[in-house]
Amino acid sequence: MDSLEIRLKVNGEPRSWRVAPGDVLLDVLRRENYFGVKRGCETGECGACTVLLDGKAVNSCLVFAAQAHGCDIVTIEGLAQGDRLHPIQEAFLDAGAVQCGFCTPGMVLNTKAFLEQCPQPTEAEARQALAGNYCRCTGYKKPVEAVMAAAANFGLGISDCGLQSRKKSEIRNPKSEIKRGRR
Amino acid sequence: MMPWLEAFHRPTTIAEALRLMKRGGRRARFVAGATDLLVEADPAARILVDVGRLGLAYIKPHRGGWRIGAATTMAMLEQSEGMRAFAGGILARAAAASGSIQIRNRATAGGNLANASPAADLAPPLLVLDAQVVIAGQKGKRRLPLADFFKGVCQTALKGDLLMEIILPPLNRAAGRRGGERSAWSFQKLGRVESDIAIVNAAAGVGVDAGGRCRWARIAVGAVAPTPLRIAAAESALQGRPLDSESIALACETVCREARPITDLRASVDYRRQMSGVLVRRALEECLAGIEPPRH
Ligand SMILES: Cc1cc2nc3c(=O)[nH]c(=O)nc-3n(C[C@H](O)[C@H](O)[C@H](O)COP(=O)(O)OP(=O)(O)OC[C@H]3O[C@@H](n4cnc5c(N)ncnc54)[C@H](O)[C@@H]3O)c2cc1C
Ligand code: FES
Ligand code: FES
């Protein structure tokens with residue numbers, strides 16, 4: 001078996017890994033400790049393994065690691081800046097869209113790619129955008145509310161750099177405090 | 001994960017890709033978005049040749065029609081202005097219905113056809129658009145109508161060769177458009193939810209003359225036979241008649257009669273057969289509504 005070297009960026013950091021020809025990106029990322037990439041169905045149905053590949057939401061269980069060579073990958077670990085959560089993460093917490101949290105990394109990353117392309121979505125568009133992210137806890141009402149709130153509150157979500165996200169310590173919403181305490 | 005794979009090649013020229021396939025023989029497969037290949041995970045596949053670096057992801061105008069590279073993704077098709085405008089946007093609509101955005105960002109047009117699922121969503125619209133495919137093999141390039149490309153369930157005319165591009169001929173020439181003619185197109189899909197694999201899918205295009213008489217009709221359905229099909233008998237049932245509820249009902253009966261569906265976990269034979277008629281009716285009704293009344 002010819003193992004291959006892949007060079008890529010993960011959350012902005014250059015990485016160079018040896019992978020097997022049959023490895024999928026999901027397994028390689030988890031092997032490298034990106035545990036925010038969740039293993040669900042492994043057949044492209046559930047979206048738990050969603051990452052951004054060159055800015056686009058993809059199921060990492062259906063991408064060969066070899067195909068990610070030269071690409072820019074963003075996992076959920078790459079969204080917060082130090083102790084500042086990304087505005088979309090805030091929106092999910094504030095909306096109460098997070099219960100067990102298994103689906104959340106995929107939903108948040110998919111939302112990020114979606115809002116960059118469609119900054120002012122209708123609720124129907126938001127619902128459609130999340131069609132490939134299954135949640136077995138809350139259902140979809142609150143995640144859709146979170147997407148709409150993120151779009152409304154955070155300056156269209158076009159570029160992260162312009163957005164003022166709050167520090168964790170500044171957050172007053174008691175619901176999200178509780179969630180955060182549990183993590 | 002396919003731990004049995006022995007090699008994953010990422011060629012940058014078509015010649016190299018074909019050489020790698022030849023060397024790999026029966027153990028080699030092309031791979032594009034991998035959304036079918038990784039789900040199928042065929043243990044006989046030992047060597048993969050990626051088509052992602054061959055410059056085949058494009059949508060280009062071509063002599064009044066279009067050339068679509070095999071590695072063009074569903075997301076590219078649905079977002080393309082050209083595809084949204086061409087023939088009522090039926091190809092863009094079919095692409096937009098092909099799975100979640102995570103799937104559509106990877107799934108390619110070439111993979112959809114090469115995989116040759118009877119339910120492939122791009123097949124009915126491409127069939128009614130009279131699409132042709134360009135194939136590159138050891139002996140050079142060849143071009144054939146899409147209708148001759150599908151040979152059976154998961155069987156195509158490729159035989160290990162590379163699907164390079166899909167050609168959409170200009171509408172007016174293909175349709176033989178004459179003065180006063182108006183045309184309309186539709187894509188319909190029935191799934192458990194729209195982004196799910198189709199239980200039945202269908203596409204139609206019609207052209208009517210100034211008097212509302214049908215000059216030509218094209219009807220294709222998927223998931224009701226081993227391959228996606230044009231239903232010529234239903235097309236001729238419309239030709240020369242006024243396009244109205246009566247002629248549409250006649251065409252739909254013909255579709256139900258011609259359908260040769262199977263029962264699987266998604267639907268039974270009877271349901272599929274009935275729904276093939278319903279989807280074609282919806283498609284033709286949408287066409288009828290899309291043809292504006294003649295201007296005086
Ligand atoms: C969750 C999920 C939902 C889906 N929903 C839909 C849906 O709604 N509608 C639908 O139509 N499909 C759907 N699909 C199926 C799949 O996404 C599509 O068929 C897709 O277009 C396949 O393209 P690909 O690039 O991923 O192909 P791959 O998986 O890379 O390849 C598929 C086959 O085609 C061959 N191949 C690929 N490219 C070439 C080429 N250029 N030349 C020669 N051979 C080639 C490969 O060898 C392989 O045999 C779904 C799949 C999943 C996992
Ligand atoms: S684990 Fe990848 S989509 Fe479910
Ligand atoms: S929060 Fe538990 S799966 Fe969505």
Side-chain angles (χ1 to χ4, degrees), chain A residues 1-6 19-28 30-31 39-71 106-107 109-111 113-114 117-118 125-134, chain B residues 1-12 20 24 27-43 45-54 57 71 73-76 78-79 96-108 111 191-197:
Chain A
M1 184 184 74
D2 311 339
S3 79
L4 315 93
E5 183 180 339
I6 59 167
V19 301
D23 280 350
V24 293
L25 188 57
L26 166 66
D27 293 319
V28 173
R30 287 183 63 84
R31 188 157 80 212
R39 185 195 308 281
C41 64
E42 298 184 81
T43 51
E45 302 279 351
C46 77
C49 66
T50 301
V51 300
L52 304 185
L53 188 147
D54 292 338
K56 298 196 170 99
V58 303
N59 293 319
S60 61
C61 68
L62 292 188
V63 178
F64 282 102
Q67 294 180 308
H69 175 72
C71 294
M107 287 216 185
L109 288 165
N110 193 11
T111 301
F114 170 61
Q117 221 187 1
C118 181
E125 286 168 336
R127 196 167 283 279
Q128 193 58 42
L130 290 184
N133 293 90
Y134 291 6
Chain B
M1 200 177 33
M2 293 170 68
W4 54 86
L5 286 187
E6 290 158 24
F8 193 105
H9 299 292
R10 295 165 289 180
T12 53
L20 287 163
R27 298 144 50 85
R29 303 276 188 285
F30 283 117
V31 60
T35 60
D36 276 321
L37 190 132
L38 264 166
V39 174
E40 192 185 338
D42 178 4
R46 296 290 164 135
I47 295 160
L48 294 186
V49 179
D50 193 359
V51 305
R53 284 157 212 254
L54 301 176
T73 62
M74 299 287 184
M76 288 168 71
E78 75 189 77
Q79 284 157 20
S98 294
S100 64
I101 185 61
Q102 290 97 321
I103 295 290
R104 278 146 36 223
N105 277 333
R106 296 292 298 167
T108 65
R192 198 176 40 82
V193 293
E194 201 197 46
S195 59
D196 201 18
I197 308 278

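Lettering follows sequence order; numbering is per chain, from 1. As a basis for the values below, the full set of heavy atoms in this structure was taken, side chains included, without hydrogen atoms, waters or symmetry mates.
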Minimum side-chain heavy-atom gap B:Asp50-A:Phe64 below 4.5 Å: no

Using non-hydrogen atoms only, which part of A:Ala129 is less than 4.5 Å away from chain B: side chain, backbone, both, or neither? backbone

How about B:Val51 and B:Thr108: do any of their side-chain heavy atoms sit closer than 4.5 Å? no

Is there a donor-acceptor pair under 3.5 Å between the side chain of B:Trp4 and the backbone N or O of B:Asp42? yes

How about A:Gln117: does its CD atom have over 12 heavy atoms from other parts shown lying under 6.0 Å from it? no

A:Asn59 CG to A:Leu53 CG distance, which is reported to the nearest 0.5 Å: 11.5 Å

Taking side chain as everything from C-beta outward and backbone as N, CA, C, O, which of these in B:Arg53 sits under 4.5 Å from a heavy atom of chain A? Side chain, backbone, both or neither. side chain

Comparing B:Arg46, B:Gln79, B:Arg104 against chain A, the one with the most heavy-atom pairs below 4.5 Å turns out to be B:Gln79

Can you tell me which portion of B:Ala32 sits under 4.5 Å from chain A's heavy atoms? Options are side chain, backbone, both or neither. backbone

Best-contacting candidate, A:Val24, A:Val63, A:Val58, against chain B by heavy atom pairs under 4.5 angstrom: A:Val58

Tell me, out of A:Ala57, A:Gly44, A:Gly132, who's got the most heavy-atom pairs with chain B below 4.5 Å. A:Ala57

Residue among A:Leu130, A:Asp23, A:Thr43, A:Asn110 with most heavy-atom pairs under 4.5 Å to chain B: A:Asn110

Starting at OG of B:Ser98, measure out to CD1 of B:Ile197 and round the result to the nearest 0.5 Å. 8.5 Å

Spatial distance of atom CZ (B:Arg106) from atom CG (B:Leu38) [nearest 0.5 Å]: 10.0 Å

Closest-packed option against chain A by number of heavy-atom pairs under 4.5 Å, given B:Gly99, B:Ala34, B:Gly33, B:Gly52: B:Ala34

Part of B:Ile47 within contact of chain A (heavy atom distance under 4.5 Å): neither

With chain B, which of A:Gly47, A:Ala66, A:Ala65 has the greatest number of heavy-atom pairs at distances under 4.5 Å? A:Ala66

Side chains of B:Gln102 and A:Asn133, heavy atoms from C-beta outward: is any pair under 4.5 Å? yes

Using non-hydrogen atoms and a 4.5 Å limit, figure out which bit of A:Glu42 sits close to chain B: side chain, backbone, both or neither. neither

